[in-house]
Amino acid sequence: MELSDARRLIDGIDERIVDLFAERMRLVLVVRAEKEAVGLSVRQAAREEEILDKVSVRAVSAGIPGYLIRKIYACVLAEMVHFQTGVEG
């Protein structure tokens, strides 16, 4: 495979990732509304840890170092909290 072909494929993957983040952010707003309705805080440390554990296991099964995905998702989750609270990270 040539470099330009590989880059084109990566660009397509990046577009799909952005679309998935957009979908995730729409759902985060639904979750925020539900949390507000029942008086929960935006940040739920136990839920965040559950997500980090789950994506780490999934990463390993996909052949990706779990620690790497855990770091990426820790950043994603922190930014989702900022998004929910209207604070830019």
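Predicted model, so just to flag it, every value in this text is computed and none were measured.
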Could you identify which residues cluster with Leu9, counting Ile, Leu, Val, Met, Phe, Trp and Tyr as linked when any side-chain heavy atoms lie under 4.5 Å apart, either directly or through a chain of such contacts?
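When side chains under 4.5 Å apart are linked, the cluster holding Leu9 also contains Met1.
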Kindly give the cluster partners of Leu3, where membership spreads through any ILVMFWY side chain lying under 4.5 Å from a current member.
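Hydrophobic cluster check, Leu3: no partners found.
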Among all residues two or more places apart in sequence or in another chain, which pass the side chain to side chain contact (heavy atoms under 4.5 Å, CB included) test with Lys35?
Val31, Leu40, Gln44, Gln84
Treat each ILVMFWY residue as a node, draw an edge where side-chain heavy atoms are under 4.5 Å apart, and state whether [X] and [Y] are in one component.
X: Ile72; Y: Leu77; answer: yes
X: Tyr73; Y: Val57; answer: no
X: Val76; Y: Ile17; answer: yes
X: Leu68; Y: Val55; answer: yes

Within residues 7-18 or reaching into it, pairs that qualify as side-chain hydrogen bond (donor to acceptor under 3.5 Å, both in side chains) - sequence neighbours excluded
Asp5-Arg8
Using atom types as modelled, flag every donor-acceptor pair under 3.5 Å from a side chain in residues 19-30 to any protein atom, sequence neighbours excluded.
none

State the CD-NE2 distance between Glu79 and His82, to the nearest 0.5 angstrom.
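If I round to the nearest 0.5 Å, the distance is 6.0 Å.
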With salt bridge (Lys or Arg N to Asp or Glu O under 4.0 Å) as the rule and sequence neighbours excluded, what pairs involving residues 52-77 come up?
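Only Glu49-Arg70, Asp53-Arg70 qualify under salt bridge (Lys or Arg N to Asp or Glu O under 4.0 Å).
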Restricting to non-hydrogen atoms, name the atom on Ala59 and the atom on Ile69 that form the minimum distance, rounded to 0.1 Å.
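That closest heavy-atom pairing would be CB-CG1, 3.4 Å.
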Going by the rule side-chain hydrogen bond (donor to acceptor under 3.5 Å, both in side chains), which residues pair with Glu36 if we only count those two or more places apart in sequence or in a different chain?
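By the side-chain hydrogen bond (donor to acceptor under 3.5 Å, both in side chains) rule, Glu36 matches no residue at all.
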